[in-house]
2 protein chains.
Amino acid sequence: MNGTEPPRKRPTQADVARLAKVSPAVVSAVVNGRTGGGVRVGDRTAARVEQAIRQLGYAPNVAARNLAGGRSDIIGVFTYEALFPMDAMSFYHPFLMGVEEAVEELDCHLLLFTGSHVDGRRRAIYKNGINTLQHADGAVIVGQAENREELTALLREGFPAVFIGRRELPGAEASYAAADYSGATRGLVERISGLGHRRIARLHGGSAHESIVDRDAGFAAAREQLAERLDAADVFVTPNAAAVTELVPRLVEQGYTCLIADDCDRAADACAAVEQLGLSVPGDLSVAALSEFSLAPTARDVNTVVTPGREMGAAAVRLLADLLKNPSDRSPRRTVLDCGLHDGDTLAAPRG
Amino acid sequence: MNGTEPPRKRPTQADVARLAKVSPAVVSAVVNGRTGGGVRVGDRTAARVEQAIRQLGYAPNVAARNLAGGRSDIIGVFTYEALFPMDAMSFYHPFLMGVEEAVEELDCHLLLFTGSHVDGRRRAIYKNGINTLQHADGAVIVGQAENREELTALLREGFPAVFIGRRELPGAEASYAAADYSGATRGLVERISGLGHRRIARLHGGSAHESIVDRDAGFAAAREQLAERLDAADVFVTPNAAAVTELVPRLVEQGYTCLIADDCDRAADACAAVEQLGLSVPGDLSVAALSEFSLAPTARDVNTVVTPGREMGAAAVRLLADLLKNPSDRSPRRTVLDCGLHDGDTLAAPRG
DNA sequence: CCACCGTGATAATGCGCATCACCAGTTGGC
DNA sequence: GCCAACTGGTGATGCGCATTATCACGGTGG
């Protein structure tokens, strides 16, 4: 009749062992299905133990299991920003789909590091010096905003981590599941050239992120490869919508017939600028994007490179699983996936 | 020159203690800032310890800390289905936003139980008899598809869990953060009646879920309360789109001027059926929904009750936090939140 | 009849940390 | 001059588990 019961004490292996009249080691073996290893357990005993487990509602303590050298069966996903707010979600969602899918296949749980902010809103891996990712066996890291020093430290420490997207960190070889933006960009330019365009302008957001650098490389490669069939393939830096709007008229004047933007938002800006000149897309000018990313639904259905987000997420988890399974092999695990090409209605052969 | 290094041994408190020439207890105290508790530490000693920590690059082991300390600072979210596939996401997203937000405030991490499927795809809380939710200190449970027996067992066990949405489980008092669907439904009917409608038909999907039962109650209450100003407020069971399409003509014949559907998908079906009769919405007939939920973007901007999803998610986490902070108080924690009313363009005063 | 092996179990140890009980020295009050 | 109170620390213990070394026992083969 005492309202204050003891604070819900969970049963331990020892409790199970007592009930089943065996030693704790046997319970451990049964729970982990290692009934044939150092500690051998007969079928009848195993059944008795399982019965006791059910009777007591025993569940292994993750922390203890971790500590004792086992693993937690938890895979983490770290992002430097909140995952679920609308604008973030539009970016993260495809990756998360793949991650969830692959983690589920591995029979692991998925941990989101929401408690990793130091002060204010900013998240961090190291929270007064301690690596919060330790809660998980390993982690997948995704997102643009990031603290490169931290990431480097993380790899140096040897923590099992796989990036979604290529990362080059000084003094550490990162594992990642990346998209072949270089190849995709080259493919897109080839396609554009194939349609007959000879003057192509690339509107470059100015970022030096690996994913952009890869596109740069692809663009450069295409220019070289198609040198004879192109009169111009130039890069113009346009950090924001205003810059695009301002630049487009000049590009039109200079006879460019196709504009390639970093993403669909910027491509939509370009379309708008073209139309504002009384010209039509793709009738007078073609527009394409190097990433399907966009914050808001765009007015036009832009021709764009499509990132295999879901596949990247799943691949990252699988690389991580491999990393965890063969910890002695310290070499980086890398997968590069092909991008798709979305056929919109902003790309056509040049006029006349 | 041996390729196989020792498997990355991290420094421990003991190492720090040795270097700083103090006992491990002192290091623990310094690391946790508890230099004024049972173990007292002087400023000079503390400085020496911190120096040693830096020198060794010591970082506490999370697992050990959890084991010794009793809590993991992990809050779980359990769903019976995958969270991130497109259709699921449209349902779960608002809740997750709130959950993430609140969990972040608590300085906890967020665990998704992706590893809880028994065989095939179906997830379960109990996996061969063991409660997989124990990975977390407590859990928020959300979703329609569910196994009531399991949930009852979970509560009986005393596991700290809070539902998003009202739940009545036999023999157990569930904690939940719910929406006031009853009040919202009454409010919507009042609004409709206020516009002059006297014959209202409710298209009922046939579910007996608490969230629907609450709407039933609200509808019944409104009918009673507005008895004098309503000629009819009837309920028709329409389990699917086809049933709606079939029923609507008869309702029109019978002089109903406003149709209320369970959700926006069904409401859109009703709109379509009305328009197929050559009538217009809301000119000839008004349509409203009791939930903004919809799988696909609907053609019409339906007037609907809006579930405070984000707030429910956040509230659930806060209730859980309270449950964890005062474990001796076993009473259920409950919050009921007001719904909003979205003004679309499918509701107007009746003709004439 | 004993050496030997395979089977089925136990006991002991330690993972890294937090915490509790205790202790040595130093003031300080009266 | 003696006890009290406070300061600054030590040492032991155990959280729950995995693992290793060890042991009892029965059946075989030589």
Side-chain angles (χ1 to χ4, degrees), chain A residues 6-49 52-53 56-74 129-131 134-135 137, chain B residues 6-49 52-53 56-73 130-131 134-135 137:
Chain A
R8 200 175 68 81
K9 174 76 174 154
R10 282 172 48 178
T12 73
Q13 277 191 352
D15 298 326
V16 175
R18 254 187 308 276
L19 180 58
K21 301 200 196 314
V22 293
S23 73
V26 171
V27 179
S28 174
V30 169
V31 167
N32 296 310
R34 324 189 76 69
T35 50
V39 174
R40 315 180 50 93
V41 182
D43 292 349
R44 328 208 49 179
T45 319
R48 222 167 61 238
V49 171
I53 287 178
L56 262 52
Y58 164 79
N61 176 314
V62 192
R65 183 178 276 194
N66 252 347
L67 182 57
R71 48 184 6 115
S72 62
D73 288 339
I74 291 180
I130 99 168
N131 172 2
Q134 283 184 84
H135 284 280
D137 292 339
Chain B
R8 195 170 63 83
K9 175 76 175 160
R10 292 174 32 182
T12 73
Q13 278 191 351
D15 297 327
V16 176
R18 255 188 307 276
L19 180 58
K21 302 203 197 310
V22 293
S23 74
V26 171
V27 180
S28 174
V30 169
V31 167
N32 295 308
R34 324 188 78 68
T35 50
V39 175
R40 316 182 52 93
V41 182
D43 292 349
R44 328 209 49 178
T45 319
R48 222 168 60 239
V49 170
I53 288 179
L56 262 53
Y58 164 79
N61 176 315
V62 183
R65 181 176 274 195
N66 288 344
L67 182 56
R71 58 187 330 127
S72 63
D73 289 337
I130 95 173
N131 172 4
Q134 307 241 15
H135 282 89
D137 290 341

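Note that these values count all heavy atoms, side chains included, but never hydrogens, waters or copies made by symmetry. Throughout, protein chains are lettered first and strands after them, A, B, ... in sequence-line order, and every chain is numbered starting at 1.
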Check: B:Q134 and A:V62 side chains under 4.5 Å, non-hydrogen atoms: no
Closest listed nucleotide, where the reference is the side chain of A:A25 and the choices are D:dT20, D:dA18, D:dC17: D:dT20
Range on DNA chain C touched by chain A, heavy atoms, distance below 4.0 Å: C:dT7 to C:dG16
CZ/B:R34: more than 12 non-hydrogen atoms of other groups inside 6.0 Å: no
Integer-rounded Å distance: D:dT20 P and A:N32 CG: 13 Å
For the student: nearest non-hydrogen atoms of B:V22 and B:V49, plus distance: CG2-CG2, 4.0 Å
Exercise: identify the closest heavy-atom pair between A:A52 and A:A20: CB-CB, 3.9 Å
Non-hydrogen side-chain atoms of A:T12 and A:N61 separated by less than 4.5 Å: no
Polar-atom pairs under 3.5 Å, protein N or O versus N or O of nucleotides 5-7 of chain D: list them with distances, or write none.
none

A:V39 side chain, from C-beta outward: closest of D:dA18, D:dC17, D:dA21: D:dA21
Touch class at under 4.0 angstrom, heavy-atom based, for A:T12 against every strand present: sugar-phosphate
B:D15 and B:R18, any side-chain heavy atoms less than 4.5 Å apart: yes
Rounded distance (nearest 0.5 Å) linking atom CG of B:N66 with atom CG of A:N66: 8.5 Å
Gap separating the NZ atom of B:K21 from the OG1 atom of B:T45, nearest 0.5 angstrom: 13.5 Å
Touch class at under 4.0 angstrom, heavy-atom based, for B:V41 against every strand present: sugar-phosphate
Nearest-nucleotide comparison on DNA chain C, the residue closer to the 5′ end among B:A68 and A:G42: A:G42
Flag side-chain contact, heavy atom, 4.5 Å: B:R10 against A:N131: no
Pair B:D137-B:S72, side-chain donor/acceptor within less than 3.5 Å: yes
Sugar-phosphate, base or nothing in reach of B:N66, heavy atoms under 4.0 Å: nothing
B:S28 side, atom OG; B:R65 side, atom CZ - distance, nearest 0.5 Å: 8.0 Å
Residues from residues 16-24 of chain B lying under 4.0 Å of DNA chain D - heavy atoms: B:V22, B:S23
